[in-house]
Undergrad: 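Sharing a structure with you now.
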Number of protein chains: 2
Amino acid sequence: MSEDQKWLTVDEQRAWRALMAVVVLLPGALDTQLQHDSHLSNFEYGVLAMLSEAPDRTLRMSQLATLNDSSLSRLSHVARRLEERGSIVRQQCADDRRANIATLTDAGMTLVREAAPGHVARVRELIFDQLSGDQVSELEQIADAIRSNLDPEKRMPTYVN
Amino acid sequence: MSEDQKWLTVDEQRAWRALMAVVVLLPGALDTQLQHDSHLSNFEYGVLAMLSEAPDRTLRMSQLATLNDSSLSRLSHVARRLEERGSIVRQQCADDRRANIATLTDAGMTLVREAAPGHVARVRELIFDQLSGDQVSELEQIADAIRSNLDPEKRMPTYVN
DNA sequence: CCGAGTAACTTGACGCTTCAACTAAGTCCG
DNA sequence: CGGACTTAGTTGAAGCGTCAAGTTACTCGG
């Protein structure tokens, strides 16, 4: 905490503020769309989407947590709610009886399938309609550079669409 | 929700996932640093930082809310907690007695001043150490393009450092 | 100048996230 | 084997954000 520390340049400040605006506003915008159209939070959508792509629509709780950058506790609470709504079921794993595996139900699968198009449309509208092709690849490089520091193991493939 | 909708291209998907990783992980990383070093959330830091730069260290609640992209309700709750901790005080505005003005106390000012260097250092480490000068200006342009859709009035200068 | 409408907050309840236990099961090794 | 340690997950309490409702004050047309 020395006084002679390196401050941000003017350019960096502008970039920083613009990035923070996106980071703060984007999740809310996505949540609003998903909540309105499918009664799902962004996080719940992510959970269901990951399951929908997994073999047998099934994943261990711990894998599912890692994939969504979630604590096990958070996932556990959300999974209980999703189970109550009939979107997933959980059962003890036969191999390792500490483990619990979550499976997407048919109703859950239907839910994700119906939610996906609207979600993707919103993503396109918010992000890609604003960007040139060059900017899209620049964005990928920049975001990946930042991400490399935040998530060194790249454990987070994040919700696929 | 038609079936023949426009999906994302492979390039767009990669950019999208990288961006989402940043959007999900960055707030947590910043919160961790601030919480650890100054017992502040990112949002609280933003509130105090905005006040620290305002004339007389004073702003109306509604302005403060807008500047931090917050609902008045959220700000009101946070302001109560900050007031309890002695970082700010609130008092009725003389001109318009519906309004409430928040003022940063000396203790609050000290708190922000002490928190800022560590926060900026973490931002530099997470973001700018990873990027070339060209990438910084590209980032600004891209983030601004996305932001233009999320926050058309650009009401959000976001936490200055 | 007075009543309807609106603006600026605050408050309380509810839902979600986090954190700190806690349970139960697997693993390691002496 | 058996005790110590680790791993997987759940649970309950506490904290924060959101939403709807309430309060007080300003404003503006008649």
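Each chain gets a letter, A, B and so on, in the order the sequences are listed, and its residues count up from 1. Hydrogens, waters and symmetry mates are skipped; everything else that's a heavy atom, side chains included, is used.
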Undergrad: Taking atom C1' of D:dC16 as reference, at what distance in whole Å does atom CD of B:Gln35 sit?
TA: 11 Å
Undergrad: If you restrict it to nitrogen or oxygen atoms, what contacts under 3.5 Å exist between nucleotides 22-29 of chain C and the protein, and what is each distance?
TA:
residue	atom	partner	partner atom	Å
C:dG26	OP1	A:Arg97	N	3.0

Undergrad: Using the rule given for salt bridge (Lys or Arg N to Asp or Glu O under 4.0 Å), can you reason through A:Arg57 versus A:Asp106, listing the C-alpha separation, both sets of side-chain angles and the distance that settles it, and then say yes or no?
TA: CA-CA 10 Å; A:Arg57 298 178 189 170; A:Asp106 290 347; 2.9 Å; yes
Undergrad: Ion pair present between B:Asp37 and B:Arg122, side-chain N to carboxylate O less than 4.0 angstrom?
TA: no
Undergrad: Among the clusters formed by ILVMFWY side chains lying less than 4.5 Å apart, do B:Val136 and B:Leu26 turn up in the same one?
TA: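 Shared cluster, yes.
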Undergrad: Once you round to the nearest 0.5 Å, how far does CD of A:Gln92 lie from CD1 of A:Ile101?
TA: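 With rounding to 0.5 Å, CD (A:Gln92) is 10.0 Å from CD1 (A:Ile101).
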Undergrad: Closest approach of A:Leu64 and A:Ala102, non-hydrogen atoms and distance?
TA: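 Heavy-atom minimum between the residues: CD2-CB, 4.2 Å.
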Undergrad: Provide, to the nearest angstrom, the distance between the CE atom belonging to A:Met61 and the P atom belonging to D:dT11.
TA: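 Checked: the CE to P distance equals 10 Å.
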Undergrad: Considering all heavy atoms of both residues, which atom of A:Glu125 and which atom of A:Gln130 are nearest to each other, and what is their separation?
TA: O-NE2, 2.9 Å
Undergrad: Identify which nucleotide among C:dT11, D:dT18, D:dA8 has an atom closest to any side-chain atom of B:Ser76, counting heavy atoms from C-beta outward.
TA: C:dT11
Undergrad: Without swapping roles, check the side chain of B:Ser76 against the backbone of B:Leu72 for a donor-acceptor pair under 3.5 Å.
TA: no
Undergrad: Identify whether the distance between the nearest side-chain nitrogen and carboxylate oxygen of B:Arg81 and B:Glu84 falls below 4.0 Å.
TA: no
Undergrad: May I have the distance from A:Asp31 (atom CG) to C:dC16 (atom C1'), rounded to whole angstrom?
TA: 11 Å
Undergrad: Go through residues 78-90 of chain A and report each residue with a non-hydrogen atom lying under 4.0 Å from DNA chain D, sorted by number.
TA: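 Close to the strand are A:Arg90.
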Undergrad: Between B:Ile101 and A:Arg74, just flag the one whose closest nucleotide in DNA chain C comes earlier from the 5' side.
TA: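 Of the two residues, B:Ile101 wins.
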Undergrad: Show the distances under 3.5 angstrom between N or O atoms of the protein and N or O atoms of nucleotides 12-14 of chain D.
TA:
residue	atom	partner	partner atom	Å
D:dG12	O6	A:His77	NE2	2.9

Undergrad: Can you see which heavy atom on A:Leu104 is nearest to which on A:Ile88, and at what distance?
TA: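 Closest pair (atom of A:Leu104, atom of A:Ile88, distance): CD1-CG2, 4.2 Å.
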Undergrad: Atom CG of A:Leu59 to atom C1' of D:dA8: distance rounded to whole Å?
TA: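 To the nearest whole Å, that distance equals 15 Å.
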